[in-house]
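These notes are about the structure you will find just below.
In what follows, every heavy atom counts, from backbone to side chain, and hydrogens, waters and symmetry copies are set aside. Note that the structure is a prediction, hence the values are computed from the model and not measured. Order of listing sets the numbers, starting from 1, for every ligand and every atom in it.
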Amino acid sequence: MTRYIVEGGRRLVGEISISGAKNSVLPILAATIINNGFSTIMNVPFINDFKIMMKILTMIGCKISRVGDIVTINSKTVDTINIPEDLVREMRSSIILMGAMLSRCGQVKISYPGGCEIGPRPIDLHLKALKQLGVEIKESYGFIECKASKLKGNDILLDYPSVGATENIMLAGVKAEGITVIRNAAKEPEIVDLQNYLNKAGGKIYGAGTSVIKIEGVNELKSVEYTIIPDRIVAGTYMTAAAITNGEIVLKNIETEHIQSIISKLREAGCKIYSNCTALKIVGPKEIQAIESIKTSPYPGYPTDMQAQMMALLTISNGTSLISETVFENRFKHVPELTRMGANITTIDRVAVIKGVKKLTGAKVTAKDLRGGASLVLAGLAAEGTTEIDNIFHTERGYEKLDENLRNLGAIIKKV
Ligand code: EPZ
């Protein structure tokens, strides 16, 4: 399998421009099915998850062209209600195609996405909400068949502020009859991005970014151009790379507002961070400070997608830190791999206790999931000696040109 080979010990210095947000572009690409016309999306990251979504849209009949980070989708010729099973299993977030297909065709057949590396990933909140919008759902033989002669607005309370469920309701509600209200909605910036795309195409959605989103169903959406927000997790990952190598890097094309919790924790770890709205400079500390407690939680709390990266940093801090992962059931698969590099981490259920060690040493390790793989790269940048990280396909799902970008900042890393 493809792997990274990293020589540790180099300070990262330089400047990097951050790509568009993976977790924005996936729901927005699903939404392009609805307008039965053209969508031109800018600032699209060329990552594997994007390529999978492109394959799915092509297989259901859309015509797609890409020039650099600009993608044009023509959704006039959507000609099937079946979402390809193998691609859904490869990328579980394709479940948001349900809402989009229901708005476009009134029906969809999609396989159960199933669990993934970080937990069982149930979709009960999605299905319960869609039923409240008048969708008939049949689940059998690993498939979900949804039918709605007419989508009707409703008042929906989410038991948990699920990002995907919020997105599916917005995609199914945008053209539903009447008003849909989502209470306890997810507040992530990517939800706001989806609202902005849909409204630019003629939708009437209000409140994204707060716990209550109100949707007035419209008859149709029109062709639209839209630019994706920067990826806050990619930004946080490169910031952590500077922190773990006592480096000094400048990030361009970011939305500083979206990474306030990441900035706050990296400052607690001893980093100096200077920022304006769309750029920042981070200087890593000589001695990484332990952080008494980090608890992942839905936005604007500390993001679960940055948990593994922060853990790598804290393995070489000057004390004991505690991380509790409250969002996913099984998101500590990077712990045994970091331990192979000399880290001292104890996990009890969804809490990890990280006792800082003087240094990490290079080893052969394996990426088990997207962000866990990123944390192993970060650990390799700081470790003494050579680290080989296998199964980096996980990480290439969400990071564009990771090795190239790190080399441009002075890292010794190659992909073999
Ligand atoms: C989105 O996943 C992101 N993926 C994840 O990013 C991110 O970690 C997550 O939101 C939380 O921020 C995309 O946007 C493509 P959830 P999603 O529904 O929508 C439980 C990455 O690394 N839940 O908010 O699947 C679920 O099991 C990825 O970029 C239910 O119980 O997240 C989890 O414990 C990883 N029932 C919690 O809610 C449901 O019906 C959060 O899930 C749905 C979710």
Side-chain angles (χ1 to χ4, degrees), residues 19-31 45 47-50 52-53 56 88 90-99 112-132 137 139 144 156-171 182 184-194 211 228-229 231-237 258 261-262 296-310 324-334 350 367-375 394-400:
S19 49
K22 166 178 89 76
N23 293 349
S24 258
V25 81
L26 295 176
I28 287 174
L29 286 174
I47 51 179
N48 288 357
D49 270 11
F50 158 74
I52 296 172
M53 189 56 102
I56 293 174
V88 173
E90 203 179 332
M91 186 180 71
R92 61 169 315 283
S93 49
S94 32
I95 198 69
I96 37 158
L97 284 157
M98 273 197 305
Y112 242 90
C116 72
E117 308 78 16
I118 56 180
R121 310 293 290 274
I123 56 169
D124 55 308
L125 301 177
H126 299 242
L127 302 181
K128 184 178 163 201
L130 291 177
K131 283 175 187 157
Q132 288 182 267
I137 296 177
E139 300 166 63
I144 308 166
I156 295 169
L157 172 75
L158 286 174
D159 294 342
Y160 182 90
S162 155
V163 170
T166 302
E167 289 165 347
N168 250 331
I169 300 165
M170 290 165 75
L171 292 166
I182 312 171
N184 196 25
K187 300 186 276 192
E188 274 70 6
E190 293 77 25
I191 303 283
V192 179
D193 222 15
L194 178 60
S211 298
I228 301 285
I229 58 170
D231 194 308
R232 59 195 169 97
I233 305 301
V234 168
T237 305
H258 296 164
S261 61
I262 299 169
T296 66
S297 59
Y299 195 88
Y302 189 80
T304 174
D305 294 349
M306 277 297 301
Q307 176 257 110
Q309 299 90 315
M310 181 55 84
S324 52
E325 171 53 67
T326 72
V327 177
F328 284 106
E329 300 79 0
N330 186 11
R331 204 167 194 179
F332 282 154
K333 290 194 169 161
H334 42 285
R350 286 157 71 166
K368 301 285 176 51
D369 58 62
L370 162 54
R371 308 301 174 182
S375 87
H394 285 295
T395 302
E396 296 199 316
R397 294 185 48 185
Y399 291 89
E400 191 182 7

- [ ] Determine whether Pro27 and Glu190 make a side-chain contact, defined as any pair of heavy atoms from C-beta on separated by less than 4.5 Å.
- [x] no
- [ ] Please answer whether the main-chain N or O of Ile95 pairs with a side-chain N or O of Asn168 as donor and acceptor at a distance below 3.5 Å.
- [x] yes
Task: Heavy-atom check, side chain of Tyr299 versus side chain of Val163, under 4.5 Å - done: no
Open item on the list: Taking the side chain as everything from C-beta on, heavy atoms only, tell me whether Tyr302 gets closer than 4.5 Å to Val327.
Closed with: no
Open item on the list: Taking the side chain as everything from C-beta on, heavy atoms only, tell me whether Glu188 gets closer than 4.5 Å to Pro298.
Closed with: yes
Task: Min heavy-atom dist Leu127 to ligand 1 below 4.0 Å - done: no
- [ ] Just need the protein heavy atom nearest to atom 22 (O) of ligand 1, so name the residue and atom and give the distance.
- [x] Arg371 NE, 2.9 Å
- [ ] Kindly write out the residues that satisfy salt bridge (charged side-chain N to carboxylate O under 4.0 Å, His left out) with Lys333, not counting sequence neighbours, or none if the list is empty.
- [x] none
Open item on the list: Taking the side chain as everything from C-beta on, heavy atoms only, tell me whether Pro300 gets closer than 4.5 Å to Lys187.
Closed with: yes
- [ ] Report, in ascending order of atom number, the atoms of ligand 1 lying under 4.0 Å from any heavy atom of Ile123.
- [x] 39 (C), 40 (O)
Task: Protein heavy atom at shortest distance from atom 11 (C) of ligand 1 - done: Thr304 CG2, 4.0 Å
Open item on the list: Heavy atoms only, cut-off 4.0 Å: how does His394 contact ligand 1, side chain, backbone, both, or neither?
Closed with: neither
Open item on the list: Between ligand 1 and Glu329, can you find any atom pair, the residue atom being a heavy atom, that is separated by under 4.0 Å?
Closed with: yes
TODO: Classify the contact between Asp305 and ligand 1 as side chain, backbone, both or neither, using a heavy-atom distance cut-off of under 4.0 Å.
DONE: side chain
Task: Exam field: side chain Arg92 to backbone Arg121, donor-acceptor pair closer than 3.5 Å - done: yes
TODO: Before signing off on this row, confirm whether Asp124 and ligand 1 have an N or O atom pair separated by under 3.5 Å.
DONE: yes
Open item on the list: Using a 4.0 Å cut-off to any heavy atom of Tyr160, which atoms of ligand 1 qualify?
Closed with: 37 (C), 38 (O), 41 (C)
TODO: Run the numbers for me: atoms of ligand 1, each under 4.0 Å from some heavy atom of Gly164, listed by number.
DONE: 18 (O), 19 (O)
- [ ] Measure Leu125 to ligand 1 on non-hydrogen atoms and call it side chain, backbone, both or neither using the 4.0 Å cut-off.
- [x] both
Task: Results of salt bridge (charged side-chain N to carboxylate O under 4.0 Å, His left out) for Lys128 - residues two or more places apart only - done: Asp159
Open item on the list: Between Asp231 and Ser19 (side chain of the first, backbone of the second, donor and acceptor by atom type, cut-off under 3.5 Å), is there such a pair?
Closed with: no
Open item on the list: Within the 4.0 Å heavy-atom shell around Ile118, which atoms of ligand 1 are there?
Closed with: 35 (C)
Open item on the list: Below 4.0 Å from ligand 1: does a non-hydrogen atom of Pro122 turn up there or not?
Closed with: yes
Task: Nearest protein heavy atom with distance in Å, relative to atom 16 (P) of ligand 1 - done: Val163 N, 3.7 Å
Task: Heavy atom of protein closer than 4.0 angstrom to atom 33 (C) of ligand 1 - done: yes
TODO: Compare all side-chain heavy atoms of Tyr399 with those of Arg371 and state whether any distance is below 4.5 angstrom.
DONE: yes
Open item on the list: Below 4.0 Å, non-hydrogen atoms only: which portion of Val327 touches ligand 1? Side chain, backbone, both or neither.
Closed with: both
TODO: For the residue pair Asn23 and Asp305, establish whether any side-chain heavy-atom pair is separated by less than 4.5 Å.
DONE: yes
TODO: Starting from atom 3 (C) of ligand 1, find the nearest protein heavy-atom neighbour and note its residue, name and distance.
DONE: Asn23 ND2, 3.6 Å
Open item on the list: Taking only non-hydrogen atoms of Arg92, do any sit less than 4.0 angstrom from ligand 1?
Closed with: yes
Task: Sub-4.0 Å heavy-atom approach of Arg331 to ligand 1 - done: yes
TODO: Report the distance from atom CE of Met91 to atom CG of Asn48, rounding to the nearest 0.5 Å.
DONE: 10.5 Å
Open item on the list: Please report whether ligand 1 has a polar contact with Ser162, defined as an N or O pair separated by less than 3.5 Å (distance criterion only).
Closed with: yes
Open item on the list: Is the contact between Leu370 and ligand 1 made by the side chain, the backbone, both, or neither, using heavy atoms and a 4.0 Å cut-off?
Closed with: side chain
Open item on the list: Tell me the protein heavy atom at minimum distance from atom 17 (P) of ligand 1, and give that distance in Å.
Closed with: Arg121 NH2, 3.8 Å
Task: Within reach of ligand 1, part of Lys22 (heavy-atom separation under 4.0 Å) - done: side chain
TODO: With rounding to the nearest 0.5 Å, note down the distance linking CD1 in Ile52 to CD in Glu90.
DONE: 4.0 Å
